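Note that the structure is a prediction, hence the values are computed from the model and not measured. Counting from 1, the numbers follow the sequence of the chain as shown.
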Amino acid sequence: MGQTLWGPLKPLDTNEQLGREHRLKKTLSWPHLIALGIGAIVGTGIYTLTGVGADRAGPAVLLAFAIAGAVCACAALAYAEMATLIPTAGSAYTYTYSVIGEGIAWVVGWSLILEYSLACSTVAVGWAAYLVGWLQGVGIEWPHVLLAGPHAGGIVNLPAVLVALSIAGLLMAGTRESATLNIILVIIKISALAAFVFLALPAFNGENMTPFMPYGFGSSVDAEGTTRGVMAAAAIVFFAFYGFDAVATSAEEAKNPGRDLTIGIVGSMAACTIIYMLVALSAIGAVHHTQVAQSSEPLAFVLRMLDHPFAAWAIAMAALIALPSVILVMMYGQSRIFFVMARDGLLPRKLSEVSPRTGSPLLITGITGVFVAAVAGFFRLDEIAELANAGTLVAFIAVAASMMILRVKRPDLKRVFSCPAPYLVGTLAIVGCLYLMFSLPDHTLVRFLGWNMLGVLVYLIYGRRRSALAQQATPETVQ
């Protein structure tokens with residue numbers, strides 16, 4: 001068994017040693033994987049974060065989207081190489097385990113659990129808000145106590161709970177079924193965005209783009225206590241770009257990992273960056289950024305301002321239909337991270353058992369669904385949603401580092417996909433992610449540190465002693 005300063009190393013060919021009851025079925029091809037990536041990336045960000053980004057950076061939100069997209073593009077290339085080299089479930093957690101060591105892999109996995117759960121819960125609450133607004137538009141009123149948690153004078157956000165549990169049930173029914181439905185949702189979402197650009201772009205007014213960078217480039221706190229600047233906006237809108245890493249968690253279920261994962265990860269990243277830039281340009285160019293920043297539904301708001309009420313209603317309806325695809329992809333990713341950590345012995349191995357009928361991990365998917373539903377139904381998310389970004393940035397840094405370390409230690413490995421200029425791309429990914437992380441508010445970084453301190457305690461008390469690699473010798477690892 002290989003060993004580093006950070007603990008034992010997981011063998012690169014671990015998946016071949018597992019019994020059938022602990023292996024996932026190969027049911028996904030590249031169209032499913034691109035849909036999974038777009039389903040996560042083009043969702044909450046395009047429908048809600050355009051306004052938040054405009055508030056933080058003004059018209060320079062375009063630059064914020066470009067920066068976040070560029071950092072993610074570098075990370076996507078590292079992911080593509082690692083995912084085709086180590087085509088097993090677990091994404092950044094598994095890559096780190098095989099290259100750097102168990103201790104760092106635990107931190108990455110623990111951070112991914114935070115990322116996916118908060119993302120799922122945030123989108124569930126956003127979906128619930130769209131549902132309530134749409135129902136009110138047709139004259140249907142729900143009791144307030146069933147639409148908000150105790151922090152807002154209610155009992156539970158019931159729509160958010162129901163959508164989270166419904167998505168969990170869909171995933172428990174089998175990956176292929178849920179991924180196929182996701183393709184339909186992505187088509188609806190992209191069609192709605194295309195219609196928005198078609199209607200908003202002709203109303204472009206160059207005066208709305210000046211001054212282009214009213215709050216400067218760097219992240220700073222203004223007199224009102226709000227963190228503003230292009231990098232502050234980039235650190236927020238980054239939330240909407242990290243869906244492609246959920247594709248990497250499905251590597252074990254890809255029919256042809258070398259081809260399908262390369263197309264799925266890089267293709268979805270490139271397509272979504274272009275979509276974000278075009279939609280943001282259309283929105284900010286048509287309506288002044290100060291007005292867009294005040295709306296919680298910026299795209300529908302822009303269309304109403306341009307006197308397209310039916311189109312605004314249709315865009316809102318598309319968001320209502322399509323946002324569950326974001327929950328689906330993120331919950332899928334989180335359940336697979338839990339699954340692999342349990343399979344490795346770092347969490348109870350009972351959680352790694354899969355259904356013989358569907359090939360999906362039923363127990364852990366159910367637990368994930370209940371956890372996400374509880375957070376969405378009872379807790380405030382406005383102050384903790386940024387924690388999801390911190391978890392994602394740690395994962396991206398780990399993947400880029402793993403790619404470069406493996407290039408040095410194992411240059412002999414056959415790489416189905418080779419990252420171009422790997423050391424440059426890897427370094428840019430790490431530096432970019434660190435810059436974005438330190439552009440987050442201080443209280444977010446403190447909370448993230450607290451979450452990982454709790455994780456380290458869990459690892460030292462339970463995972464370290466029960467790890468499968470710690471209990472027995474294993475075949476060849478990265479030396």
Side-chain angles (χ1 to χ4, degrees), residues 41-77 193 196-197 200-201 203-222 224 226-244 268-295 298-299 301-302 385-386 388-390 392-393 396 424-425 427-441 444:
I41 299 170
V42 182
T44 305
I46 226 31
Y47 287 104
T48 63
L49 291 184
T50 302
V52 176
D55 179 62
R56 303 289 173 91
V61 66
L62 292 174
L63 185 56
F65 277 125
I67 292 171
V71 172
C72 283
C74 292
L77 291 171
L193 294 177
F196 172 81
V197 173
L201 194 57
F204 181 86
N205 181 354
E207 294 182 359
N208 289 333
M209 304 299 291
T210 57
F212 182 70
M213 201 180 299
Y215 308 116
F217 182 82
S219 177
S220 60
V221 180
D222 64 12
E224 300 175 355
T226 302
T227 304
R228 284 198 166 95
V230 173
M231 288 308 300
I236 298 299
V237 301
F238 183 83
F239 177 93
F241 274 96
Y242 59 62
F244 74 83
S268 62
M269 187 65 246
C272 291
T273 300
I274 294 172
I275 291 170
Y276 266 124
M277 295 288 290
L278 190 56
V279 171
L281 178 65
S282 300
I284 303 299
V287 177
H288 197 269
H289 70 87
T290 55
Q291 294 177 285
V292 176
Q294 294 173 2
S295 175
L299 302 191
F301 170 77
V302 168
E386 289 170 317
N389 280 9
T392 307
L393 290 165
F396 285 4
L424 174 62
V425 170
T427 300
L428 289 174
I430 292 173
V431 172
C433 287
L434 286 173
Y435 194 179
L436 287 172
M437 179 173 289
F438 287 107
S439 296
L440 291 168
T444 298

| request: With sequence neighbours left out, write down each residue that passes side-chain hydrogen bond (donor to acceptor under 3.5 Å, both in side chains) with Asp55, or none if nothing qualifies. | output: Arg228
| About how many Å separate CD1 of Ile236 and CE of Met231, when rounded to the nearest 0.5 Å? | 11.0 Å
| Do other residues, nucleotides or ligands put more than 12 heavy atoms under 6.0 Å from the CZ atom of Phe212? | yes
| query | What distance separates Leu424 CG from Cys74 SG, expressed to the nearest 0.5 Å? | reply | 7.5 Å
| What distance do Asn389 atom CG and Thr444 atom OG1 have between them, rounded to the nearest 0.5 Å? | 9.0 Å
| Atom pair CD1/OG1 of Ile284 and Thr290 - distance to nearest 0.5 Å | 9.5 Å
| request: State, with a plain yes or no, whether a side-chain heavy atom of Asn208 is found less than 4.5 Å away from one of Pro59. | output: no
| request: Of all the heavy-atom pairs spanning Pro214 and Pro211, show the shortest one and how long it is. | output: CD-O, 3.5 Å
| Value rounded to 0.5 Å, distance of OG1 in Thr50 from CG in Leu299 | 5.5 Å
| task | Over all heavy atoms of both residues, which pair between Ala75 and Ala429 is shortest? Give the atoms and the distance, please. | result | N-CB, 4.0 Å
| request: Just say parallel, tilted or perpendicular for the rings of Phe396 and Phe238, cut-offs at 30° and 60°. | output: perpendicular
| field | Minimal non-hydrogen separation, Val61 against Ala54, with atom names | value | CG2-N, 3.9 Å
| Taking side chain as C-beta onward, heavy atoms only, is Leu193 less than 4.5 Å from Val197? | no
| message | Testing the basics here: between Ala68 and Ala234, what is the closest heavy-atom pair and its distance to 0.1 Å? | response | CB-O, 4.1 Å
| Can you name the nearest heavy-atom pair linking Tyr215 to Arg56, along with the distance? | CD1-O, 3.4 Å
| message | Within the 4.5 Å heavy-atom criterion, are Leu281 and Leu62 side-chain neighbours or not? | response | yes
| message | So Phe301 and Gln294, do their side chains get closer than 4.5 Å, heavy atoms only? | response | no
| About how many Å separate CG of Leu393 and SG of Cys433, when rounded to the nearest 0.5 Å? | 5.0 Å
| message | For Phe65 versus Met277, what's the shortest heavy-atom pair and its separation? | response | CB-SD, 3.9 Å
